[in-house]
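Let me begin by presenting the structure, written as structure tokens, before commenting on it.
Numbers here are sequence positions counted from 1.
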Amino acid sequence: IPDGNQTAILRMMRGKPQVVLQYSEWECGIAVASGLDTSSIDRLLDGTHRWVNRPTGSGARAALDRLIAERAAMGRGTLPPPGYELEARDHRAVAEIIASGCAEAGIVVRAAASEAGLHMKTIDTEMYDLCIPEDLVDDRRVQALLDVAGQRSFRRALGAFDGQTT
């Protein structure tokens, strides 16, 4: 389990025993408005482009904060880009805001960027985990979910999303 996911699981589940199923890995990156150059992340963060963000605690927000910190460590400024405070509820909403012209850049998974017709510069991959309280593993509903998650057809369907592997 990636450290970030493990930390979140421990915090959210308050130490209760869990069964964790890693079921997917998504490619994420900076989606940009049509015509915007993605060859330089530094240029995208130089304060001349309006961003849209995700809420605190999301992987996309952590990725943007990491990029800002890396830029600051290189002596290239510490301020977040314009629009940093504008938060969207999910990756698709970030992509829609960029596609509408209300922002020029934001962190999304590749599937959301592709769906919105946006170009994306890959910066990372994220693991998606399904956490099940150990005391519920034998519940018939959980077993049904696990049966579906283990089927080849389910994995094929997930793999059909652009930028995702199972």
Side-chain angles (χ1 to χ4, degrees), residues 1-34 38 41 44 51-70 83-100 102-166:
I1 301 172
D3 288 343
N5 289 6
Q6 190 168 11
T7 301
I9 291 167
L10 291 171
R11 185 184 70 246
M12 290 170 46
M13 299 306 188
R14 296 183 177 95
K16 294 179 185 175
Q18 302 292 311
V19 173
V20 179
L21 171 67
Q22 288 188 329
Y23 70 93
S24 178
E25 183 177 55
W26 291 76
E27 186 180 346
C28 67
I30 303 171
V32 297
S34 179
T38 60
I41 293 173
L44 291 170
W51 282 67
V52 57
N53 209 345
R54 293 288 314 284
T56 300
S58 68
R61 174 67 160 259
L64 180 54
D65 288 346
R66 189 171 53 252
L67 292 174
I68 293 167
E70 288 169 4
Y84 180 87
E85 67 288 343
L86 174 63
E87 294 182 358
R89 70 185 178 285
D90 56 32
H91 292 280
R92 179 179 275 167
V94 169
E96 289 171 355
I97 290 167
I98 296 167
S100 75
C102 291
E104 296 173 279
I107 307 285
V108 298
V109 294
R110 180 161 300 281
S114 294
E115 183 178 272
L118 302 172
H119 180 68
M120 186 183 96
K121 179 173 184 67
T122 301
I123 59 168
D124 206 353
T125 56
E126 291 182 4
M127 292 299 302
Y128 281 74
D129 300 323
L130 176 62
C131 302
I132 304 163
E134 200 172 76
D135 60 338
L136 295 178
V137 169
D138 293 326
D139 183 286
R140 65 179 174 77
R141 296 165 293 189
V142 172
Q143 285 299 309
L145 174 64
L146 293 175
D147 287 345
V148 169
Q151 293 176 8
R152 195 175 311 206
S153 59
F154 175 76
R155 296 215 176 259
R156 248 192 330 268
L158 280 180
F161 288 102
D162 196 14
Q164 181 175 358
T165 57
T166 59

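- Note on R141 versus D139: salt bridge recorded, some NZ/NE/NH1/NH2 to OD/OE distance being below 4.0 Å.
- Under the salt bridge (charged side-chain N to carboxylate O under 4.0 Å, His left out) criterion, D124 pairs with R66, sequence neighbours left out.
- No side-chain heavy atom of I107 sits less than 4.5 Å from a side-chain heavy atom of V52.
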Walk me through whether L67 and I30 qualify under side-chain contact (heavy atoms from CB on, under 4.5 Å).
CA-CA 11 Å; L67 292 174; I30 303 171; 3.9 Å; yes

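- The two residues G29 and I123 have their closest heavy-atom pair at CA-CG1, 3.6 Å.
- Between L130 and V20, every side-chain heavy-atom pair lies at or beyond the 4.5 Å cut-off.
- Listed for the N53 side chain is a donor-acceptor partner under 3.5 Å among the backbone atoms of Y84.
- Judged purely by atom type and a 3.5 angstrom limit, R54 uses its side chain to pair as donor or acceptor with the backbone of R89.
- When all heavy atoms of V94 and G106 are compared, the closest pair comes out as CG1-CA, 4.0 Å.
- Note that CD of E70 and CD1 of I41 are 8.0 Å apart. Values are rounded to the nearest 0.5 Å.
- In this structure a side-chain-to-backbone donor-acceptor pair under 3.5 Å is missing from H91 to A112.
- Once rounded to the nearest 0.5 Å, the distance linking CD1 of I132 with CD of Q143 reads 8.0 Å.
- A distance-only check finds a donor-acceptor pair linking the side chain of D90 to the backbone of R92 [under 3.5 Å].
- Closest heavy-atom contact between A95 and L118: O-CD1, 3.5 Å.
- A distance-only check finds a donor-acceptor pair linking the side chain of S100 to the backbone of I97 [under 3.5 Å].
- Looking at E27 and T125, their side chains never bring a donor and an acceptor atom within 3.5 Å of each other.
- Q151 CD to L146 CG: the interatomic distance, rounded to the nearest 0.5 Å, is 11.5 Å.
- If you take CD on E96 and CD on E115, they are separated by 7.5 Å, rounding to the nearest 0.5 Å.
- Minimum interatomic distance between A33 and I98 (heavy atoms only, all atoms of both residues): N-CG2, 3.5 Å.
- Between the side chain of E104 and the main chain of W51, no donor-acceptor pair closer than 3.5 Å is present.
- Considering all non-hydrogen atoms of both residues, E87 and T56 come closest at OE2-N, 4.2 Å.
- Atom-to-atom distance recorded for L64:CG and S58:OG is 9.5 Å, nearest 0.5 angstrom.
- Residues M120 and V108 share a closest heavy-atom pair of SD-O, 3.8 Å.
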